[in-house]
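Whatever order the structure lists them in is the order used to number ligands and atoms, beginning at 1. Numbering of residues begins at 1 and proceeds along the displayed sequence.
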Amino acid sequence: MRALRRLTVRASLPEALMPLSQLVTNLRWSWHPETRDLFEALDPELWASCGGDPVKVLGEVSAERLAALADDPGFLEQLTTVAADLREYLDAPHWYQSLGADAPATIAYFSAEFGITEVLPQYSGGLGILAGDHLKAASDLGVPLIGVGLLYRSGYFSQGLSADGWQLEHYPALDPHGLPLKLVRDADRNAVVIAVPLPEGRTLYAHVYRAQVGRVSLLLLDSDIEENSPAERGVTDRLYGGGEDHRLRQEMLLGIGGVRALRAYCSLTGTPPPEVFHANEGHAGFQGIERIRELTESHGLSFPEALQAVRGGTVFTTHTPVPAGIDRFPKALIERYFAGFGVPVDQLLPLGAEEDPSKFNMAHMGLRLGQRANGVSELHGHVSRDMFGPLWPGFDPDDVPIGSITNGVHAPTWTARELVELGTQTTSQGDPLEVDGEVHFDGVDRVPAAELWRTRRLLRGRLVEEVRRRVRATALSRGAAEAELDWTETAFDPDVLTIGFARRVPSYKRLTLMLRDPARLKALLLDEERPVQLVIAGKSHPADDGGKQLIQQMVKFADDPEIRHRIAFLPNYDIGMARYLYWGCDVWLNNPLRPLEACGTSGMKSALNGGLNLSIRDGWWDEWFDGQNGWAIPTADGVEDPERRDDVEAQAIYDLLHRQVVPRFYEVDDEGVPSRWVEMVRDTLRETGPKVLATRMVRDYVQRLYVPAAGAARSMAAGGYEPARAEAAWRAKLLEHWPGVRVAHVEATGVGETPEIGGGIDLRAEVELPGLAPSDVLVEAAYGRVDDADGLHQVTTLELRHDGAEGSRHWFTGTVPLTRTGAFGYTVRVLPHSAHLVVPAELGVVVNA
Ligand SMILES: *Cc1c(COP(=O)(O)O)cnc(C)c1O
């Protein structure tokens, strides 16, 4: 017989142990080793068998054991210390508290996935883990963020392997009561119920669970509740499962339901309403539509007026450098789902318009709803400005209003405890008196090379143990018999150069590039004197058979008895496995097809542990490779034939390994320490460490995006949203008259026969502005180096001053300085101007001379 439902019956906690319940429900334990020590002390065996899940441990620990601990002075003292530490962490002012009143009172952060701990499998890969790290770093800095997401009842799948190496997917059924979550209830203790309208008069209902991530609350919506009919219950079944219809319902619940959940939560808890809404990727775009609908109802604004009010407070982050990766819906589907929603569908549709008139593009909507937008590394910023350039016709890619903030990773989550205890990191972060202080890693300079090396070996050894354990379990699950598995006990070696490669398996990440020349790889693995060993992991999207074939190819290669003690594919890559890899790998390999890796964060986590990156110059590595922190794999960017490109880049990897990486690792001094290698480890920790931190990233978001967005939102809302109405009216007028705007004539004086550096050109531009005032526009000279095709480069702009008018004809003047020698060019252009624009390109209209 199978149980219909399962639940966990807990022993009740003795009075003296009550603080445990808060410690378990606050996910700070996922990055606080001392709290985990305490849970382990509850019952070390249970802790191990429950895979380090404290909720499970607390559910299964016996009443007798709890009674004994309640009388154990040692345990009680440990409990008191840890509980006091959490209280201090939650209450003390942090960096954000020093920012003053310009900083938003609350920020809402929407994401389709959140990766906080392996215990909450609500993530598929980098996007979700980034969101988790964003919340954790926000908590560390005291940023008043509230996360909003969905509670997938089966999360993302856990990965197994068939005997012949094919990916198997298991969807564990999660019981919210067995997770570190709390149901959000109203004042009468009833579950808060969120409703989202669907077509044909149906309604999608959801409960809201709250996860506590340090100081930050994360609200997760769950549709698997009695109020729903069977079809709607399944909306939050899986992460990225199902067809278009299913995905649209999920995104409506995330965006619309998410805003409604936030409103309910803030009013129940007295939290100030969010001023800034950050959409992490396009999935959460409907949050903006819901906020527009709210304003049309509460303040009688029209759709365009409400759009102006909403845009100011919205931040959009794009993560997808490939058009094919962008989330799009058939326009007809959007029409059907939003017909009865409460906003005019003919106004909604243009927000998602794209090249294909039958599609609704969620990234385009994100960019049109967010006055501030960014990519996730400098290179990805460039790629995004090119890719989304058509939304701003007439502008150079450099003018496209998409900036970049390079991702970071949460050091306390990802750094091995032993390294921190060595004193490699010194931190002033969190101390409001030192708000400008950064986290420093120069403590590493005081650690003797031999000691640093010993710690690296310890971490490598721990990884080797974990690899052996997993290799054995995997072989058993694939049908091997115990008696055949003796080899696993000596597989891998704590003194061999260890290379890691772990990530999702979309084709651009090229999981199997290293197999391009199998004989060459084999030779590297089996070298008698200086071998390497390789740990590989990654999940393929369940619908991607191509990815599963790559995994199978890898698994079959690693199954070879000749090499299986040096190479392993470990199934079920997740946060719990990833940590061992980041701690223990000497080299982190990454070979994406440039520039398709928007940022990549796994290499950052490796670097935080002194791992050296061996990577294509893509994403973050393009920015922060410094010649000391690892190796850059030369790319064959210009090579058209993908097969040849793979060949060239794979050969480059083998060559680098053979000529540089391997010799350096094995070149040891008299004490057996590879001193040049250790210097690279030191450099990585000291120089790269502070850059890749999630706290650096969140500070950037706060200072460059959240604070200005709050300012814009406030100025739009002033006096009952009067400025939003005025701005919408101004935009309508401007766009109506824009087709008549024209640069009629540009006159240049002041340059003689031979222009000389230090001189200037006096420009006088005659501009037609029918129906517009000179204050509605910005007329500027743009000048710089000019190429053979008259293209302008390294452009500088100079605002021209209004200097007289005759009817709709206006003159603007200014002097362009000649500051460089060589080919020089200039032009004049007219752009919209209002106090509420962040950049003049925002409306996507420009008139060039
Ligand atoms: C960091 C991380 C990722 C993302 O890694 P990328 O390098 O961005 O591909 C995916 N999964 C896990 C478990 C991670 O820890």
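In terms of protein heavy atoms, atom 14 (C) of ligand 1 is closest to Lys605 NZ, 2.9 Å. Of the protein's non-hydrogen atoms, the one nearest atom 7 (O) of ligand 1 is Ser602 OG, 2.5 Å. For atom 11 (N) of ligand 1, the nearest non-hydrogen atom of the protein is Tyr573 CE2, 3.2 Å. Looking only at protein heavy atoms, the nearest one to atom 13 (C) of ligand 1 is Ile129 CD1, 3.4 Å.
At a heavy-atom distance under 4.0 Å, only side-chain atoms of Lys509, from C-beta outward, approach ligand 1. Under 4.0 angstrom from ligand 1, there are no non-hydrogen atoms of Val409. Residue-level proximity to ligand 1 for Ala578 is carried by the side chain, the only part with a heavy atom below 4.0 angstrom. Contacts of Trp588 with ligand 1, taken as heavy-atom pairs under 4.0 Å, are absent altogether.
Relative orientation of the Trp677 and Phe665 rings is perpendicular, given thresholds of 30° and 60° on the angle between their planes. Classified by interplanar angle (parallel below 30°, tilted 30° to 60°, perpendicular above 60°), the ring pair His283/Tyr240 is tilted.
Within ligand 1, the atoms closer than 4.0 Å to a non-hydrogen atom of Trp414 are 15 (O), numbered from 1 in the order shown. Annotation for ligand 1: atoms under 4.0 Å from non-hydrogen atoms of Thr601 are 1 (C), 4 (C), 5 (O), 6 (P), 7 (O), 8 (O). The contact set between ligand 1 and Arg503, taken as ligand atoms under 4.0 Å from a residue heavy atom, comprises 9 (O).
Checked against the 6.0 Å centroid threshold, His278 and Phe110 do not count as a close aromatic pair. Outside the 6.0 Å centre-distance limit, the rings of Trp620 and Phe625 are not counted as a close aromatic pair.
Taking any N or O of Glu597, backbone or side chain, none lies under 3.5 Å from an N or O belonging to ligand 1. Taking only nitrogen or oxygen atoms, main chain and side chain alike, Tyr582 reaches within less than 3.5 Å of ligand 1.
Salt bridge annotation for Asp622-Arg594: present, with a cationic side-chain nitrogen under 4.0 angstrom from a carboxylate oxygen. The pair Arg462-Glu466 does not count as a salt bridge, with every side-chain nitrogen at least 4.0 angstrom from each carboxylate oxygen.
Considering each of Ser124, Ala537, Gly619, Gly126, the one bringing a non-hydrogen atom nearest atom 10 (C) of ligand 1 is Gly126.
Trp624 approaches Asn629 most closely through the heavy-atom pair O-ND2, 2.8 Å.
Just one of Thr317, Leu127, Asn280 meets the side-chain contact (heavy atoms from CB on, under 4.5 Å) condition when paired with Val376; it is Thr317.
The side-chain tip of Arg503 points at the ring of Phe501 from less than 6.0 angstrom away and within 45° of straight on. Both tests do not hold together for Arg238 against Phe157: distance to the six-membered ring centre under 6.0 Å, angle to the ring axis within 45°.
For the ligand labelled ligand 1, residue Tyr123 lies outside the 4.0 Å heavy-atom shell.
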